[in-house]
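Just the heavy atoms: all of them, side chains too, but no hydrogens, waters or symmetry mates, feed the values below.
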There are 2 protein chains.
Amino acid sequence: MGANSVVAHGGGPTAVLNASLAGLVEETRWRGSTGALYGARGGLAGLLRGDFIDLLALDPDLMRRIGEAPGSALGSSRLKLADEDYARILDIFRRANVGCFFYTGGNGSMETALRVARYARDVGYDLQVIGIPKTIDNDLSVTDHTPGYASTARFFACAARDVGEDNRSLPSPVCVLETLGRNAGWIVAATSFARRHADDAPHLIYFPERRLSLERIAADVERVYRRLGRVVIAVCEGQLDDHDQPFGADVDNAKSANYRLASNLGHTLAGLLTQKLGIRARAEKPGLLGRCCGPFASPLDRAEASACGRAAATAAAEGHTEVMVALGRESNAPYRAATFLTPLETVARVERLLPPEWIHPDGNDVMPALAEYAAPLIGEIAEWAHL
Amino acid sequence: MGANSVVAHGGGPTAVLNASLAGLVEETRWRGSTGALYGARGGLAGLLRGDFIDLLALDPDLMRRIGEAPGSALGSSRLKLADEDYARILDIFRRANVGCFFYTGGNGSMETALRVARYARDVGYDLQVIGIPKTIDNDLSVTDHTPGYASTARFFACAARDVGEDNRSLPSPVCVLETLGRNAGWIVAATSFARRHADDAPHLIYFPERRLSLERIAADVERVYRRLGRVVIAVCEGQLDDHDQPFGADVDNAKSANYRLASNLGHTLAGLLTQKLGIRARAEKPGLLGRCCGPFASPLDRAEASACGRAAATAAAEGHTEVMVALGRESNAPYRAATFLTPLETVARVERLLPPEWIHPDGNDVMPALAEYAAPLIGEIAEWAHL
């Protein structure tokens, strides 16, 4: 087996992805690895070019500081591998004497990792493949939660609290807070942590697990508006209406990557609500800031991301393959979690949605069980004083 | 002269408006005021209803904690006074035995304060009127800067840094960061503080002081994209095109308040750039979060906001009227500022734009003089480590 290792990232960066990288590098160094640990610049795209950087050769202090930065120092990509790419990857591994491949990402990336592993096995190339969990969406199976989620959840909980504070200060009746999140409602659900009192924002939370009709949301908004004279709505960018369309459909799902526009759901929804109810509405869309805002990176999230990177190095040293590092919760009070390994096939392309029983039957709020699960991850959200 | 005072806020809240209120209350209490200090709930709208709360009767510790919260604990409004409202206000003042009126706001609010003062003088009602500066837009005249600006400037500088980090991590070629700011470029200019190295985001910064053609911005974007393969653009919500129209014109300036939609400039501009250049573009719009995000409230901003509130109480005790508290910079290194008083008529309805010589001749960046002015206000923006 090749003496060297390669690490690559797949998909969007997070506030703590670099912490996983730093953890992997530190643990590999600590174990006195004799081989190199190459980082593939720009994810699979860089991997296919053999664009490597020797991470063990870097100043440990630089790596420590990178571990504190949001984004991805190594870069990433959303490239989907074509059939011929697998042979090309093994070719590059062979020439670089690579015997271990670490791949960081969500359930799509874990499927890619599994495919690389299976291809290597099929052609008789001796390769360990270790997955490292990473996604703000928290939609990976088996693991209790994913590194990256807690920081984004904390960002949007604080955003909902502070937009709520603004909305309370000045009559600006309806405010739509568009959160990140495509198919799973984990992030939008976190906005419930903004609340301490019955009338605190957000007043309505919607979930991509449930289709949403404009009539339904308008009725909810009107009811809250009559009672409070203000409404803050949390809704994620992936929310579909009851015709399975994004509100306003500015998102073009056509194949041409060049012409795919990003979500404008919040603004579109605000416009539709204004038209329908005659109440002023506006939208805030922090967008990517929700996944890369350094000051909101949660210390717990960073520590767990680092632990996952270190556990991946340990798994490699112990000879494991076709596994992903996962987080298991051992205790809720005090919160305690530990890493364990799960076969890649248990997580590859498996999407974990919000449990239906954690969504209020009315579809516009969370249930208490969500708080029990998420509170230790999101941490304390300070309450502002009021008159 | 009446023994009591009233304080009201005009316009949007900020991250430190409550600090000005707390400073006013603390200083008034410290001076052993024998009269009441009433807070008008909900700005002029509350004032016209006589909806008052006795602020000196509140627990000082609660007031201290309110001073740390973003938003406006007292509420605010954007109400424009009608001619008959002035008599009504004096009627309310007369009944509540009010001899001093504190009004917090920007240049529009200072005009309102001046009109109230003149009306009182005209009808022979003995009234002191003291303005307290407050606007994230930093567009008040005479004062070196306005409480509220530094926190918003810091928010958007950090946002540009972190969105830039995300944009660097994953090929997502063009990212438009929509900042707050209507007619003045102070806030969008602050995004320049995100940069440490030549290729750091934002790569292009546009200013509402200059009209902007789509052709011009597209040429700029294409040039940066060819060099770096990525572009982060900072542009404020008030930016107009060369036909004096907002890009996409989703902002309806019609009189009907109910149907006025908020800005969607970033998204619209991203769409136009994608169409014109065939390069993927997306937009982030933190929106109101930029003025009310608690964790970004700058300690300097909070201290100065509090000082302005205290100085207003002092000015009242010393018998001043028809003045606004202003901040004067005494030294840049070390930074030192002090409050002084300026006649309301020097600031009422006077809009201070970015000095033309602080905008790069190409119209897409700041000039170094901006940094000299803004650096002490914005403070250190930490740099993230890179490979």
Point-to-point distance, once rounded to the nearest 0.5 Å, from [atom1] of [X] to [atom2] of [Y]:
X	Y	atom1	atom2	result
B:Ile66	A:Trp384	CD1	CH2	12.5 Å
B:Asp166	A:Cys293	CG	SG	11.0 Å
B:Leu387	A:Leu74	CG	CG	6.0 Å
B:Cys175	A:Leu289	SG	CG	9.5 Å
B:Glu178	A:Glu284	CD	CD	9.5 Å
A:Cys292	B:Leu170	SG	CG	11.0 Å

For the candidates A:Ser76, A:Ala159, A:Gly75, which exhibits the highest count of non-hydrogen atom pairs separated by less than 4.5 Å from chain B?
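Most heavy-atom pairs under 4.5 Å with chain B: A:Ser76.
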Heavy-atom cut-off 4.5 Å, strictly under: side chain, backbone, both or neither for [X] against chain B?
X	result
A:Arg161	side chain
A:Leu177	neither
A:Leu58	side chain

May I ask you to decide if A:Gly287's main-chain N or O and B:Lys285's side chain share a donor-acceptor pair within less than 3.5 Å?
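Checked: no pair found.
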Among [options], residue most engaged with chain A (heavy-atom pairs, under 4.5 Å):
options	result
B:Arg65, B:Arg41, B:Arg291	B:Arg291
B:Pro173, B:Cys158, B:Ala73	B:Ala73
B:Gly71, B:Pro13, B:Ser72, B:Pro70	B:Pro70

What heavy-atom pair brings B:Leu62 and A:Ala385 nearest, and what distance separates the two atoms?
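Heavy atoms of B:Leu62 and A:Ala385 come nearest at CD1-CB, 4.1 Å.
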Would you mind checking which part of B:Glu68 comes under 4.5 Å of any heavy atom in chain A, side chain (CB onward), backbone (N, CA, C, O), both or neither?
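For B:Glu68, the backbone is the part near chain A, not the side chain.
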Do A:Asp162 and B:Phe296 have side-chain heavy atoms sitting under 4.5 Å apart?
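Of all side-chain heavy-atom pairs linking B:Phe296 with A:Asp162, none is under 4.5 Å.
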